[in-house]
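Each residue takes its place number in the sequence, starting with 1.
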Amino acid sequence: MKKMGFLRGFKQGDPLSHALFIITGYGMPKWSSAVSHLTYADDTIIFSYAVSNSLQLIMDTRQKYERISGQLINKRKSSFYMYKKVSNELIQQVEAVTGFVRGQFPFTYLGFPITHARKRKVDYTELLKRVKDKLKTWKGKMLSYGGKAVLITSVLKSIPIHILSAIRPPKYVRKELHKIVAKFFWNNKDEGKSRHWSSWLNMCLPKHK
């Protein structure tokens, strides 16, 4: 297994559940269903309260998996994540039980920016960079409008669709994506501004309209 991450709760869980050797998942907010883990291929996130008994159960299960499967979890690539205002005592407690180092928000899981707070512009920097980098490899002035439309539809729109299918980014990010694509479509010069003969909203209408 490549790596394993932990998202820790900040409050004590039900002591009885730990006494009965039940790993308690973490729900956020309180009335939501408790989530125990997310797994895809060799990337796993485990949700747990920061209670020693529960954490030890998780680590015991990890050791059993390694012993039975012969696959070792890479501790250097594994981390635990906690809210920034938790006490140093609690952080040290989790480090002692898991043997993992504390990671910092935001981090990326399956291409998505994960954070405990509201998404910020900087969280989408990598997405915007990928779109811009793709445009650098194309010579826009050598393409017809039809050729540009094909590249936008088949290539550029496929880059952010993974993230946009699951989360709603800030208005700034959506506006910036539209701006980048519109500039590529209308620009026929290496420098300076180009006239946009139609708004991007109209450009995105179905072809029959």
Side-chain angles (χ1 to χ4, degrees), residues 1-127 130 160-170 173:
M1 182 173 288
K2 181 180 177 183
K3 59 183 177 181
M4 178 165 56
F6 287 86
L7 289 180
R8 304 300 184 190
F10 321 129
K11 298 180 180 179
Q12 297 291 322
D14 181 3
L16 180 59
S17 65
H18 304 299
L20 295 176
F21 299 98
I22 299 174
I23 299 175
T24 303
Y26 188 71
M28 192 99 187
K30 295 180 180 179
W31 56 85
S32 64
S33 300
V35 180
S36 60
H37 68 283
L38 297 175
T39 294
Y40 182 83
D42 58 356
D43 289 331
T44 301
I45 297 180
I46 297 176
F47 298 83
S48 171
Y49 282 93
V51 180
S52 296
N53 290 347
S54 186
L55 297 181
Q56 190 60 57
L57 288 174
I58 294 174
M59 301 311 295
D60 291 345
T61 303
R62 188 214 71 181
Q63 292 175 358
K64 291 179 181 178
Y65 170 82
E66 292 179 334
R67 185 171 63 253
I68 295 172
S69 68
Q71 296 179 321
L72 300 180
I73 295 173
N74 192 332
K75 284 191 173 183
R76 292 185 178 180
K77 295 183 178 180
S78 301
S79 305
F80 67 89
Y81 298 85
M82 305 181 74
Y83 184 57
K84 62 182 179 180
K85 294 184 179 180
V86 297
S87 65
N88 290 330
E89 180 182 355
L90 188 56
I91 295 173
Q92 293 173 1
Q93 174 184 316
V94 176
E95 289 178 340
V97 176
T98 64
F100 295 161
V101 297
R102 183 186 182 187
Q104 299 295 326
F105 288 105
F107 66 94
T108 302
Y109 180 68
L110 304 183
F112 292 94
I114 306 298
T115 181
H116 61 81
R118 177 177 292 183
K119 299 291 190 300
R120 301 171 300 170
K121 295 179 182 179
V122 68
D123 297 332
Y124 296 90
T125 301
E126 183 62 28
L127 172 62
R130 286 174 56 197
I161 197 170
H162 176 60
I163 292 180
L164 300 182
S165 64
I167 58 179
R168 183 177 179 85
V173 177

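The shortest distance between side-chain heavy atoms of Pro169 and Ile163 does not fall below 4.5 Å. A 4.5 Å side-chain heavy-atom check between Tyr124 and Pro160 finds every atom pair outside the cut-off. In this structure the side chain of Arg102 reaches within 4.5 angstrom of the side chain of Val86, judged on heavy atoms. Contact check for Tyr49 versus Ser54: no side-chain heavy atoms found under the 4.5 Å cut-off. Leu38 has its side chain within reach of Tyr109: a pair of non-hydrogen atoms, C-beta onward, lies under 4.5 Å apart.
Atom CG of Asp43 sits about 9.5 Å away from atom OG of Ser78, to the nearest 0.5 Å. Going from atom OG1 of Thr61 over to atom CD of Gln56 covers 10.0 Å, rounded to the nearest 0.5 Å. Between atom CD1 of residue Ile58 and atom CG of residue Asn53 there is a gap of 11.5 Å, rounded to the nearest 0.5 Å. For the atom pair NZ (Lys84) and CD1 (Ile91), the distance works out to 13.0 Å, reported to the nearest 0.5 Å. Remark: Phe100 CZ to Glu95 CD distance equals 12.0 Å, nearest 0.5 Å.
Atom CD1 of Ile167 is surrounded by more than 12 heavy atoms from other residues, nucleotides or ligands within 6.0 Å.
Counting all heavy atoms, side chain and backbone alike, Leu110 lies closest to His162 at O-NE2, 2.8 Å. Counting all heavy atoms, side chain and backbone alike, Ser52 lies closest to Gln93 at OG-NE2, 2.9 Å.
Ring geometry for Phe107 versus Tyr81: interplanar angle under 30°, hence parallel rather than tilted (30 to 60°).
Under the 4.0 Å criterion applied to side-chain N and carboxylate O atoms, Glu66 and Arg62 are assigned as salt-bridge partners.
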